[in-house]
Protein chains: 2
Amino acid sequence: MNVNQKGVVMSALAAAVGLLVGGLIGHFGTPTSSSPMVIPEEDHQKIMLVDKIMTDKWKTQDDQKQQMMDLVNANNIKENLRELTSKPHLAATDRDDELALMIQKRFMEAGFDTSDMVPYDVLLSRPDENNPNLITLHDQDDKVVFTSKFKEVEVREGDDSPDFVHAFTGYSPAGDVKTSPGIRVVYVNYGRVEDFDKLKELGIDVAGHIVMARYGKIFRGNKLLHAEQRGAKAIILYSDPRDVALEGVEPKEIYPNTFWLPGSGMQRGTTFMGDGDPLTPGWPSTEHAYRVNEEDAGLPNIPCQPIGYDDARVILEKMGGQAPPEDWVGGLKGLPYNLGPEMAQEFKDHSIRLQSHNSRKIHRSYNVVGTIKGEVEPDRYVLIGNHRDAWGYGAADPSSGTAQMLETARVLGELMKGGWRPRRTLIFCSWGAEEYGIIGSTEWVEEHVEKLSERSVLYINTDTCASGPILNVPASPLIWDAIQEVSKLVPGVRDGPTVYDEMVAYHKLQNKSSPEMKTLGGGSDYAPFSFYCGIPSLDIWFRTDKNKYDISTYPAYHTGFETFYMMENHIDPGFRIIQGCSRVALLTLKYFGDSVIIPYSLERLPEAAKKDLDSFKVNGVRDKLVNIYDKYSLLEESVDNFTAATSTFAKNLLHKEGSINDPIMIRAINDQMMKLEQVFVLSAGLPGRPETRHALFAPSQFDSYEASGFPGISDLLYEHKNLDVNGKKKKEKEIMRHISDLTILFQKATSLLKDFHFF
Amino acid sequence: MNVNQKGVVMSALAAAVGLLVGGLIGHFGTPTSSSPMVIPEEDHQKIMLVDKIMTDKWKTQDDQKQQMMDLVNANNIKENLRELTSKPHLAATDRDDELALMIQKRFMEAGFDTSDMVPYDVLLSRPDENNPNLITLHDQDDKVVFTSKFKEVEVREGDDSPDFVHAFTGYSPAGDVKTSPGIRVVYVNYGRVEDFDKLKELGIDVAGHIVMARYGKIFRGNKLLHAEQRGAKAIILYSDPRDVALEGVEPKEIYPNTFWLPGSGMQRGTTFMGDGDPLTPGWPSTEHAYRVNEEDAGLPNIPCQPIGYDDARVILEKMGGQAPPEDWVGGLKGLPYNLGPEMAQEFKDHSIRLQSHNSRKIHRSYNVVGTIKGEVEPDRYVLIGNHRDAWGYGAADPSSGTAQMLETARVLGELMKGGWRPRRTLIFCSWGAEEYGIIGSTEWVEEHVEKLSERSVLYINTDTCASGPILNVPASPLIWDAIQEVSKLVPGVRDGPTVYDEMVAYHKLQNKSSPEMKTLGGGSDYAPFSFYCGIPSLDIWFRTDKNKYDISTYPAYHTGFETFYMMENHIDPGFRIIQGCSRVALLTLKYFGDSVIIPYSLERLPEAAKKDLDSFKVNGVRDKLVNIYDKYSLLEESVDNFTAATSTFAKNLLHKEGSINDPIMIRAINDQMMKLEQVFVLSAGLPGRPETRHALFAPSQFDSYEASGFPGISDLLYEHKNLDVNGKKKKEKEIMRHISDLTILFQKATSLLKDFHFF
């Protein structure tokens with residue numbers, strides 16, 4: 001805190017201002033004495049103190065905003081990315097640790113007040129580098145007639161690396177599963193619940209079989225879980241050209257000539273359904289913390305292996321049995337995508353074998369945490385984070401985000417050289433082991449949950465910040481307006497004057513009147529901040545242009561083809577997108593770090609909740625809920641009351657803002673707003689999900705990628721559907737309780753916005 | 001907030017100060033201009049604002065402290081108590097509601113800013129007023145030869161009332177239990193676990209029997225639970241002369257001639273083991289909240305009836321079987337206190353019957369909440385509460401507390417008339433339905449937990465504030481020093497100059513060098529504040545003089561003899577004790593409501609924890625724990641580190657205190673300290689106890705009255721003791737996890753005290 005030092009500085013300034021005031025006195029008041037005077041020094045200090053506290057550096061420093069935009073340098077970003085992607089850097093490998101040290105050093109060089117390596121000892125998993133995971137086909141004599149690839153084919157010189165991790169999925173167990181004739185492979189489309197339901201309807205039972213699913217639509221962990229729950233022995237995941245090679249699979253149509261995925265591209269990734277170290281659910285994996293047994297950790301129990309579409313073709317070609325529903329057919333031309341379980345005639349007596357040699361072990365993984373201490377409110381935090389670990393080179397995921405974060409840090413350092421300091425403390429985080437299950441951030445949040453919940457104004461996430469050219473910022477509704485305001489100040493990354501204009505143009509092509517704001521789904525380090533703590537969060541990324549290609553992300557995602565070359569040549573030539581990302585991040589940091597009143601858009605919160613409730617009306621959910629709980633309408637009423645309360649609060653605040661001259665009142669109002677979203681955190685978590693506690697916006701339990709409004713309701717209804725009469729009855733009690741809880745949460749939020757001495 | 005109004009006031013004051021400063025300028029600085037000057041009005045406002053925020057009204061207003069002491073009027077207290085005890089006022093009866101309205105009005109009359117009736121719809125239980133609960137003895141022909149009393153005998157004219165509730169225990173179910181010859185009554189001493197263990201050792205099984213226990217040592221709910229767990233069919237509780245009539249049972253030795261209990265005095269009370277409305281565990285019983293089924297509410301399942309020692313004598317006289325251990329013999333002269341299960345020879349073929357007609361129903365119960373808005377920090381709360389409901393007249397419990405609270409409110413009203421306003425908001429609470437299970441306060445805390453956790457500086461409880469003349473304030477260690485300081489300013493209630501001196505003299509007689517400070521046990525409305533939220537709390541009461549009588553509370557506790565007459569004539573003649581209670585409350589309110597830096601004694605927290613850990617060393621617990629978890633010593637280490645951190649923090653604060661001139665820094669430091677105890681709240685609660693979340697200090701699960709350091713450890717070890725090998729193994733995992741959690745909590749607390757930008 002250094003109060004004494006500050007005192008010294010102030011005294012010197014006080015003297016200076018004393019002279020100034022002396023020179024200006026003619027302007028003010030009535031003379032009350034004929035002798036000359038100055039303001040006593042201690043009073044000067046008070047005046048300056050109030051001025052310092054009350055000066056809004058967001059509103060008054062337009063020149064600095066411009067300077068920020070100018071300072072962000074695309075070449076720096078390029079060099080950052082080149083360094084970050086020079087070698088593969090899987091979580092907790094030597095290279096990952098080297099990069100952590102590099103980032104720590106960069107923060108110090110930028111003039112940060114602290115920059116620390118923060119270790120956690122967490123369970124990770126890796127394949128056996130000497131004994132790769134394989135899928136083999138065997139003839140009648142058990143002779144191997146086909147072996148799957150375990151790493152990508154080098155289609156561009158230099159893309160391979162001895163440090164490159166073989167294809168595997170995180171945490172899926174080792175196993176050796178061999179089919180006998182008649183017990184084969186079942187094609188399960190995307191592996192969604194509805195896909196398995198369809199198979200059941202068609203009379204195909206997957207129990208005892210190996211299943212094979214294409215990637216896409218839902219989180220791979222859900223695919224594995226669905227298969228395991230239905231008794232499958234193992235699961236093969238592959239990337240289908242329908243999703244990753246839309247323009248063909250000829251060399252000229254794929255990487256390195258385009259950004260489309262070659263046939264040996266295998267999507268790695270975790271299969272763990274939880275967040276954080278599986279061995280320490282709910283508490284931090286500090287050195288000596290107690291750990292649960294692996295078998296109690298909720299890890300998947302069947303082997304899983306990812307393959308590319310070249311290998312998938314071989315297996316699919318052999319596949320017999322029924323023809324699938326029409327929309328199950330992917331992009332491998334000429335293949336029927338038969339369902340199995342029988343293989344095709346010519347391979348009838350052959351068998352398939354899946355050998356996985358993954359092993360799980362505790363590794364030390366580092367976060368890097370750097371801080372710039374706020375000069376007025378050092379105990380209020382605006383955080384920005386990006387994970388560091390990658391499945392391979394990670395040029396997009398996560399290093400595009402890391403590249404911008406390093407540049408963002410550098411620019412702030414430049415501003416500090418010019419005398420600027422943020423009002424609030426800024427915290428920069430390079431997270432470890434995100435890819436395995438959002439581990440580094442989750443452990444850190446678990447360790448500091450009380451501090452962070454109390455003090456955090458905002459968490460800004462980036463991850464794959466550049467997968468395409470369209471700015472897309474899923475966020476807490478409290479941040480929606482701020483994002484739009486910020487995006488109007490950031491130069492466009494294509495042809496628009498600003499990224500906001502580009503968003504508008506993009507949405508226009510999709511027949512939407514304005515850029516659509518969305519809440520956060522699963523899948524990155526904002527999860528513990530938002531879903532566990534209720535801290536307003538956002539995730540800055542530029543997405544693929546859906547007007548051009550109907551794909552959800554870039555094709556090389558989590559494969560060996562996610563290279564610097566791909567970024568420089570196909571996704572972000574000139575690095576304008578990553579530059580845009582840094583600019584959005586910088587302005588968001590300044591907006592929330594320097595505004596006197598925190599620029600939350602309170603009214604968007606009930607607005608978003610209301611929209612979700614209204615969607616229940618359209619699709620029959622409301623009727624179902626009313627049927628189960630006759631007091632359901634009270635929930636709607638409580639949302640309406642909350643809407644009115646936020647509106648009144650916002651109006652009052654707007655009305656008063658200029659006239660509030662009391663630092664304590666400013667702080668009190670900010671505290672009130674900071675608490676608002678946190679009210680919706682259920683301390684015991686959503687039904688059956690102690691780690692996911694946000695009752696309004698969180699990923700659905702049954703597809704961890706998707707954002708869901710009222711996730712508890714959709715989860716409970718989902719489970720309710722498949723129960724027998726007694727089970728339904730019991731589940732209905734949970735539903736009633738949850739609706740009642742939600743109603744009370746909105747009442748609490750309404751009460752929070754009252755004047756401080758009202759209850 | 002009324003910023004505009006405040007602005008107006010300030011401008012006027014600014015002008016006045018302007019004149020003043022004008023007159024004083026000769027003292028400061030160097031002349032810089034020869035023309036006359038004044039400070040610009042907006043700068044005046046800034047100076048005054050800082051002065052207002054930084055003025056410590058505790059340190060600078062000694063005259064007001066004295067005025068407070070003088071204003072507390074014993075006669076007002078007497079009249080308050082007379083009105084409060086004029087009729088019985090069981091929870092949620094008409095009289096209880098009348099008193100709530102009276103209290104609401106008193107708060108308004110005192111000039112409070114708000115005073116509200118706050119309703120909750122909660123499950124309560126009552127006997128059938130037309131069909132009293134009875135215990136009867138029957139001869140061979142089933143003729144009734146003895147019937148127990150269902151209300152007290154009127155030994156002083158006017159003590160009876162038609163509104164007086166018959167003897168019963170809260171929530172124990174209705175039932176009609178009749179013994180057959182050979183299945184009789186078993187005397188179980190105090191009904192503790194060790195008592196039941198002793199019986200087992202003696203070969204006596206209570207399963208199928210009615211058990212009879214004397215009151216004392218542990219909470220009655222535990223007695224019932226222990227009996228139920230061992231298969232007893234019903235339980236009879238009685239007050240033994242050994243505990244309630246130490247000087248004899250002759251009329252001259254008991255009420256109304258002394259404060260000792262007559263033979264018909266029956267102790268009522270709840271038997272519910274949880275806190276709050278049993279139907280809404282964890283959430284508020286608002287009008288439309290979801291409620292669990294009664295059978296899922298954890299309520300007791302065997303009937304329970306309290307009787308006086310006259311009736312107990314009749315039953316004990318009939319009791320045969322083995323002689324009990326020596327220390328099981330109570331104070332009924334000449335009785336052997338045989339254990340049963342056989343009755344004595346002359347009654348061998350007779351039987352006993354217990355009929356209970358209690359019924360449970362949802363009633364509307366009110367809290368009254370009044371507030372005095374703080375002028376500097378309206379969003380920081382110092383709360384004081386006292387419950388209102390009583391089993392009968394409730395002259396000591398709770399009306400002695402209510403009588404002081406009304407006087408405390410009045411005195412603050414007087415000070416406000418003189419222009420004083422507290423820095424922070426003061427909140428006065430009259431709680432409903434405490435007697436049934438701390439219901440009113442728990443529901444209110446559950447409704448406002450986010451606000452209260454964020455904003456509360458202190459919760460002051462009173463309940464039975466006068467049961468004897470010795471000040472005794474169990475409290476969070478953070479308050480221990482403040483209590484001592486305050487008690488040095490309060491005039492003695494007996495012969496000492498101050499209550500502090502009286503405490504010292506009292507402890508000297510007990511060979512203790514200084515007044516012993518203790519943490520909170522179970523049993524009153526501080527429970528949800530302290531054990532659920534971790535808000536620093538204290539309970540002000542004056543206890544019985546143990547140097548005179550070895551009793552834990554006054555004998556008439558919860559009986560029909562707890563009258564105004566008893567208070568006026570035996571416990572508090574002249575009402576000096578209740579007056580002392582009001583004075584302690586007032587100064588505590590001012591100390592925490594007016595000090596700029598909150599006067600917590602941070603160092604006492606690790607000190608108390610360390611003491612509890614050290615006690616494990618003495619009694620062999622440590623060895624057991626080390627045996628179970630080889631990392632146990634890390635817990636001790638983390639406590640030591642926390643000790644060092646609080647010590648450094650406290651020293652720095654003391655050093656800086658005078659020189660901190662920044663309102664935001666003051667607020668930040670206070671926030672940091674306010675959070676400290678809350679770090680020890682486990683969001684999922686102690687093992688198996690979601691409602692009790694304080695990991696350091698909370699009542700033990702196996703005796704809800706007793707305070708316990710590290711309650712999770714003692715509970716788990718207690719359970720561990722009686723398990724088989726497999727059960728022990730499983731329990732040991734819980735113990736390891738809990739010790740690890742505790743270690744991490746101390747690390748978190750240490751981290752919380754770091755400079756704001758360090759992690």
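Reminder, nothing fancy here: chain letters follow the sequence lines and each chain counts from 1.
- The nearest pair of heavy atoms linking A:K631 to B:H288 is CD-O, 3.6 Å.
- Neither the backbone nor the side chain of B:E637 comes within contact range of chain A, judged by heavy atoms closer than 4.5 Å.
- Proximity to chain A is absent for every atom of B:L676, based on heavy atoms less than 4.5 angstrom apart.
- Between B:P284 and A:Q747 there is no side-chain heavy-atom pair separated by less than 4.5 Å.
- Residue A:L682: no heavy atom, backbone or side chain, is found under 4.5 Å from chain B.
- Both the backbone and the side chain of A:L752 come within contact range of chain B, with heavy atoms under 4.5 Å apart.
- Side chain of A:K451 to backbone of B:S751: a donor-acceptor contact under 3.5 angstrom is found.
- For B:D296, the part sitting under 4.5 Å from any heavy atom of chain A is the side chain, from C-beta outward, and nothing else.
- Using a 4.5 Å heavy-atom threshold, the side chains of A:V292 and B:K733 count as separate.
- The distance from atom CG of A:D671 to atom CG of B:D379, rounded to the nearest 0.5 Å, is 6.5 Å.
- Note: A:R737 leads A:R737, A:Q678, A:E454, A:M736 in heavy-atom pairs under 4.5 Å with chain B.
- Atoms NZ and CD, from A:K748 and B:E447 in turn, are 7.5 Å apart once rounded to the nearest 0.5 Å.
- Contacts between A:R424 and chain B at a heavy-atom distance below 4.5 Å are absent for every atom of the residue.
- In plain terms, the two heavy atoms of B:P663 and A:I53 that are nearest each other are CD-CD1, 4.1 Å.
- Contact of B:A289 with chain A is made through backbone and side chain together, with heavy-atom distances under 4.5 Å.
- Environment of NZ in A:K754: crowded, with over 12 heavy atoms of neighbouring residues, nucleotides or ligands closer than 6.0 Å.
- Ring geometry for A:W444 versus B:F759: interplanar angle of 30 to 60°, hence tilted.
- Listed here is the closest heavy atom pair of A:D662 and B:L49: CA-CD2, 3.7 Å.
- A:K46 places no side-chain N or O within donor-acceptor distance of the main-chain N or O of B:H44, the cut-off being under 3.5 Å.
- Across all their heavy atoms, B:K675 and A:E450 have their closest contact at CE-O, 4.3 Å.
- For chain B, no part of A:L426 is nearby; none of its heavy atoms comes within less than 4.5 Å.
- Looking at A:D630, neither its backbone nor its side chain comes within 4.5 Å of chain B, counting heavy atoms on both sides.
- With hydrogens and angles disregarded, no donor-acceptor distance shorter than 3.5 Å links the side chain of A:T114 to the backbone of B:F758.
- A:S285 contributes atom OG, which lies 8.5 Å from atom CD1 of B:I744 (distance to the nearest 0.5 angstrom).
- The choice from B:Y629, B:W283, B:Y381 that makes the most heavy-atom pairs within less than 4.5 Å of chain A is B:W283.
- Rounded to the nearest 0.5 Å, atoms CZ (A:R291) and OG (B:S740) are 8.0 Å apart.
- At a 4.5 Å heavy-atom cutoff, A:P690 makes no contact with chain B through either its backbone or its side chain.
- With a 4.5 angstrom heavy-atom cutoff, B:I427 touches chain A only via side-chain atoms.
- A:T371 places a side-chain N or O within donor-acceptor distance of the main-chain N or O of B:H757, the cut-off being under 3.5 Å.
- Between A:R455 and B:Q672, some side-chain heavy-atom pair lies under the 4.5 Å cut-off.
- Distance alone, capped at 3.5 Å, places no donor-acceptor pair between the B:Y290 side chain and the A:E734 backbone.
- Closest approach of B:R667 and A:A668 over heavy atoms only: NH2-CA, 3.8 Å.
- For the set A:T286, A:T425, A:I664, the count of heavy-atom pairs under 4.5 angstrom toward chain B peaks at A:I664.
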